[in-house]
Amino acid sequence: MEDNKKLAQQQRDNLISELSDNILKTAKTIVRPEDGDRKVGEIAAEIRQRLSFEANVLLNEAVTRLSPARLYKEITDAPQRTFQRFGKNFRFQHALMFISVIILIITGMPLKFPTLGISKFIVVDVFGGLENSTLIHRIGAVGLIFVGVWHLGYITISRFGRRDFLLMIPRPGDIKDFFHTLMFFVGRRSSGPKFGRFSFIEKFDYWAVYWGMVIMIGSGIIMWFKEWFPKYLYDIGREAHSDEGLLATLAIVIWHFYNVHFNPDVFPMSWVWWHGNLTEDEMKHHHPLEYAEIIEAESKRIIEQQEKLEQAGSDEK
Amino acid sequence: MKVLKFLPVLALLAVTAFAADDECLRCHGQTAAAKESGAPTVMIEALAGSIHSGLGCNDCHNVNPNIKHVGTADILCGKCHLEAAEGYARSPHVKGREVSLEDIPTCITCHGGHEILATDNPESVTNHRNSVKICIKCHEDESLRAKFDILPEPQMIKAYENSVHGRALMVEGNMDAPACVDCHGSHSFMPSDDPESPVFKTHISGTCGACHAEIAGEYNSSVHGAALAEGILESPTCTDCHGEHDIKAHLDPDSRVYTTNVPKTCSDCHTSEKVVGKFGLKPDRIATFNESYHGVAIELGATNFANCASCHGVHNIYPQSDPRSLINAANIEQTCGRCHDDLPADFAKGTVHTSASDKSSGGKFYVRKFYIWFISILILGFIIYRILEYKRRVKRVQ
């Protein structure tokens, strides 16, 4: 273990010195001759320092994320109390939705970029022709429409669904939180905002999907049943479907995949979609206001119960 | 009994001929004495089996047997085969003889010498099927091409062997399939830039029409055929779409007119600045087709989707204003209806070649505009947010 660490350190140092030599060479050509070697040396030293720092940061992140020690630590940590974030119903919706969306992206993107080699590979070699890939696209579409209808039922019929939907509605506080976060990022605030059950990021995610579902399902139905609509509406529907599809794909890859996969806090993946639970630490860190509410409600209940017991005791007397 | 009248004359001719032949064979026969003389020998058996077996030496060789003669004898095929000789006189082969005597074919190069057989004899080297080999023998010879740079690319000539015509004739033995001479004309073989050549652009539909009469008729009345008839040489004829020596059946995926290759073939002219600009055609027809779902499907190799010809016609392409045109307002519904069963009446009347980058396409243009801005701003926002977040993260670790 110790040897490995030393070896890694050695390799890193070698890499840094090699990189710095290259930079030194480049720096020499851009420094004015009258500044001389001293200036070059200064620049190189600064760059070397910076490189060494960046490399350390990245390496530390990687090591702490991936090292067996971390996993071991997580297993041996005292079992924490867990809080359910997503119920079974919601997890089912999410799973069916991402399966459908992945199918839709794979079979849909080639139609947006038909001249690319990979598009031809997917349609012709993987699916064996456009007829098959469009059939599978429609199967995915049925899955997505099913999720949409299911979700509308969920947010009206289910008690949890209704509560979560009401909490999802954007509030002025979300805009404040957003600017607070930016201020925190640029260093004008010492800490980020405290979130309740849904942060402004999660609300954005939810409503982006809401908007996307409306556009994609609406325009998809126009194309599917084109004989019911005039040609100009078909044209608009196809354009909107194609562009919104691209937007959705980019948003999923750049935004959502970062949040739940590539973010160093959760890399390689957050498992909340599977078990639906957050630990107490995670609750305190990511949803402090919700955590406080839960604890407050619990303590109130306990106090009430105790009071009731005391009351009962005094009545008996 | 006309022949009877000539009988004595023929008999006399025969006698004199044979008399002369005996004299010739004294030196040119296959006797020991003849061999000693060193004169070239005649394969007398071959001559006997040939179509010319009734002819005497002097009918072809214009020599006086009584004088000692050396060198090549004159050959007088044209004496009897007048038409063929006239054709040959106009051929590039004859012109080539001014440059080189030994490499350029004459009558015997193709037809053979004493052993010559009638062309309709299946054994004949000039029989329909065999004649291809004669032409290819010289025209695929790289060394000849090096010598005469005017010769066409051997690759192009050889492509015939893999063409639908070549395979039908050479492999399947369909004697109706054309050999070289059927398109290029026998004996005269005029190059395609000679206005009298059967393969000159304005004559091609006639040449192909010799076999494909119905199609040629349809083509001649089409916008392309009519333009060509008016002397517009840019207008395509059969070979511009189907290919020449390499012509393939339209169901062959390598064919230029195979369903997925049609847009590419049409685009050769319909995206060409030279054609589109000169004749005021709409330059975006191919681009808008590629943008349409039909175009996307064709691009991805689907064979049951509309290409250019599905709507505009194949050989029978007319301007939209022509009532015969498949895309004329009177016919468009029927044309769309060939693939789409239950389209509403107004569906087919929408504009077809629309582009999202063109305002005239209506809503589509504004949808595209909106999304270009929407996607750009949103993605830029995402990226900036991530960069700021990363910087903060680095700071925290620091």
Side-chain angles (χ1 to χ4, degrees), chain A residues 53-54 56-58 60-61 64 110-116 119-120 122-124 127 129-131 133-134 178 181-182 184-187 192 201 208 215 219 223 226-244 246-247 250-251 253-255 258 262-265, chain B residues 290-293 295-305 336 340-352 354-357 361-376 378-398:
Chain A
F53 168 70
E54 296 274 354
N56 272 316
V57 169
L58 283 176
N60 282 342
E61 294 249 310
T64 48
L111 303 189
K112 176 101 177 137
F113 304 104
T115 49
L116 296 186
S119 304
K120 283 173 187 150
I122 290 172
V123 171
V124 179
F127 290 106
L130 191 69
E131 226 157 274
S133 77
T134 47
F178 172 63
T181 307
L182 290 186
F184 169 60
F185 284 168
V186 298
I201 297 172
I215 301 280
S219 56
M223 290 196 288
K226 54 187 169 300
E227 52 275 11
W228 297 352
F229 302 97
K231 167 104 174 24
Y232 77 91
L233 207 58
Y234 170 84
D235 280 348
I236 290 173
R238 187 161 164 258
E239 188 61 42
H241 200 80
S242 145
D243 294 346
E244 177 69 32
L246 179 66
L247 172 61
L250 288 174
V253 172
I254 298 178
W255 189 251
Y258 181 84
F262 307 130
N263 187 330
D265 287 342
Chain B
N290 289 340
E291 200 181 309
S292 75
Y293 189 64
V296 169
I298 293 267
E299 179 70 45
L300 290 171
T303 52
N304 53 348
F305 278 83
C336 296
H340 299 281
D341 288 337
D342 40 5
L343 288 181
D346 61 336
F347 186 91
K349 293 215 170 88
T351 343
V352 175
T354 60
S355 163
S357 46
S361 71
K364 201 169 147 181
F365 171 81
Y366 296 100
V367 172
R368 167 75 61 94
K369 263 266 141 68
F370 166 74
Y371 271 105
I372 286 175
W373 282 101
F374 192 36
I375 293 178
S376 309
L378 215 54
I379 300 303
L380 194 69
F382 285 169
I383 291 169
I384 291 172
Y385 188 91
R386 287 297 172 227
I387 290 172
L388 292 177
E389 192 183 20
Y390 175 75
K391 283 192 135 177
R392 182 72 212 186
R393 185 182 292 282
V394 169
K395 218 176 207 169
R396 206 172 61 206
V397 175
Q398 205 168 11

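Below, each value reflects all heavy atoms present in this structure, side chains not excepted, and no hydrogens, waters or symmetry copies.
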How many angstroms lie between atom [atom1] of [X] and atom [atom2] of [Y], to the nearest 0.5 angstrom?
X: B/Ile375; Y: A/Asp243; atom1: CD1; atom2: CG; result: 5.5 Å
X: A/Phe178; Y: B/Tyr385; atom1: CZ; atom2: OH; result: 7.5 Å
X: B/Glu299; Y: A/Leu111; atom1: CD; atom2: CG; result: 11.5 Å
X: A/Ile254; Y: B/Ile383; atom1: CD1; atom2: CD1; result: 5.0 Å
X: B/Arg386; Y: A/Asn263; atom1: CZ; atom2: CG; result: 7.0 Å
X: B/Lys364; Y: A/Leu233; atom1: NZ; atom2: CG; result: 13.0 Å

Whatever's closer than 4.5 Å to a heavy atom in chain A on B/Asn290 counts as neither
Ion pair check, A/Glu239 and B/Arg368, cut-off under 4.0 Å:
yes
Engaged part of [X] at the chain B interface, taking heavy atoms whose separation is under 4.5 Å:
X: A/Thr181; answer: side chain
X: A/Glu131; answer: side chain
X: A/Ser133; answer: neither
X: A/Ile201; answer: side chain

B/Glu389 and A/Tyr258 have their tightest heavy-atom pair at OE1-CE2, 3.4 Å
Q.
I need the minimum non-hydrogen distance between B/Ala297 and A/Leu130, along with the two atoms involved.
A.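 That would be CB-CD2, 3.3 Å.
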For B/Phe374, side chain to side chain contact (heavy atoms under 4.5 Å, CB included) partners two or more places apart =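 If we apply the side chain to side chain contact (heavy atoms under 4.5 Å, CB included) test to B/Phe374, skipping adjacent residues, the hits are A/Trp211, A/Leu247, B/Phe370, B/Tyr371, B/Leu378.
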Any non-hydrogen side-chain atom of B/Tyr293 less than 4.5 Å from a side-chain atom of A/Lys226?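 Of all side-chain heavy-atom pairs linking A/Lys226 with B/Tyr293, none is under 4.5 Å.
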Notebook entry, point to check: Any side-chain heavy-atom pair from B/Val394 and A/Phe53 closer than 4.5 angstrom?
Noted result: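 When only atoms from C-beta onward are counted, A/Phe53 and B/Val394 do touch, with a gap below 4.5 Å.
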Angle class for the A/Trp255/B/Phe382 ring planes (parallel below 30°, perpendicular above 60°, tilted otherwise)?
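Ring orientation of A/Trp255 relative to B/Phe382: parallel.
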Of B/Val367, B/Thr303, B/Thr354, B/Asp341, the largest count of non-hydrogen pairs under 4.5 angstrom with chain A goes to B/Val367
Do the side chain of A/Lys231 and the main chain of B/Thr351 share a donor and acceptor less than 3.5 angstrom apart?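 Looks like yes, one N/O pair under 3.5 Å.
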